[in-house]
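One structure is given here, and the rest of the page talks about it.
Keep in mind that what you see is a predicted model, and the values were worked out from it rather than measured.
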Amino acid sequence: MRYMNVKNFPLTQIPERTSSPRTYGLTMINDKGLSVAEAKNLLSVASPYVDIAKLAFGTSFVSQDLSEKIRIYQEAGVKVYFGGLLFEAFVIRNQFADFIALLKEHAIDTIEVSDGSIDIPHEEKCGYIEKLSKHGTVLSEVGSKDKDREHITPPYQWIKLMKAEMEAGASYIVAEAREAGTVGLYRNSGEVREGLVQEILTRVPAEKIIWEAPQKDQQLYFLTLIGPNANLGNINPSEVIALESMRIGLRGDSFHLFLGEDPNGQPSSIRK
């Protein structure tokens, strides 16, 4: 299903956004237990801008009407998937075959592979990516163990992991921040590890990375660095429209991002 971006009135110098179904410029929401009614309400206003819905951590195990909610997302053209922790929960219990069966039961063809809660040798993780890539689009998470003051992975190692996981079959790399935005890509304060991000971008295409960015300042950083079509994840469902406004320069924080100025100080062009 294709939804066109909404433009309720004419306004010049709005940066070009990709339209669904997108391959980049993605917004991934973090569904931590929305009801069926809440999912419907969200999509009634935000269908053009929600590309992927993550059923966070193990919430799908305890959510009522799970099949109905998955169907609602799918019928709206939203890719829905189980959070990586659920993949890990099946793996550590030696139930990988049951995980595959669960994907098939709900016709889910977007799959996250992570190792944030269990230790999986990287070669074994790549093996899971290869197997799951035969069942759909794999999102592979990198950086989940990178907690400030505990363990800092140097940029070259992030790049090495990302490239290996894409070679194994991952369609996108999820650069980890968790729901608080204080690990992985970020310091404990939520500040972006800018050197890490910029070095990653010298070796890995931006359109292949989904940057988890739950905080507004983090979202603004990537929109400033990459442009309006940065892939952003772990977005609170209630912030989807606000984020889309920020993407196109219609929020105070991003107002001047896409306006160029001529010698007289008048807007003359936009960045895309």
Would you call [X] and [Y] a side-chain contact if the rule is heavy atoms closer than 4.5 Å?
X      : Y      : result
Glu199 : Ile159 : yes
Asn5   : Thr18  : no
Lys54  : Ile29  : no
Arg247 : Thr27  : yes

Side chain [X], main chain [Y], donor-acceptor under 3.5 Å:
X      : Y      : answer
Asp31  : Leu34  : yes
Gln95  : Phe90  : no
Asn234 : Glu212 : no
Glu38  : Ser35  : yes

Distance-only side-chain donor-acceptor flag, Glu165 / His122, under 3.5 Å: yes
Electrostatic pair [X]:[Y] at N-O distance under 4.0 angstrom:
X      : Y      : result
Asp253 : Lys216 : yes
Asp109 : Lys79  : yes
Arg187 : Glu194 : no

Within 6.0 Å of CD1 in Ile92, more than 12 heavy atoms from elsewhere: no
Flag if over 12 foreign heavy atoms under 6.0 Å of CZ, Phe96: yes
Qualifying ring-ring contact (aromatic ring centres under 6.0 Å, His included) pairs, either residue in residues 215-237, two or more places apart: Trp211-Phe222
Same apolar cluster: Ile100 and Val91, side chain cutoff 4.5 Å: yes
Cluster check Phe57, Leu55: I/L/V/M/F/W/Y, side chain < 4.5 angstrom: no
Working for salt bridge (charged side-chain N to carboxylate O under 4.0 Å, His left out), residues Glu167 and Lys163: CA-CA 6 Å; Glu167 288 171 4; Lys163 290 174 77 70; 5.7 Å; no
Smallest separation among heavy atoms of Tyr81 and Ile108, with atom names: CA-CG2, 4.3 Å
Closest heavy-atom pair and its distance - Leu232, Ala213: CD2-CB, 4.3 Å
Over-ring placement of Lys131 relative to Tyr128, 6.0 Å and 45° cut-offs: yes
Candidate pair Glu88 and Ser114, rule side-chain hydrogen bond (donor to acceptor under 3.5 Å, both in side chains), full reasoning: CA-CA 7 Å; Glu88 296 178 51; Ser114 67; 2.5 Å; yes
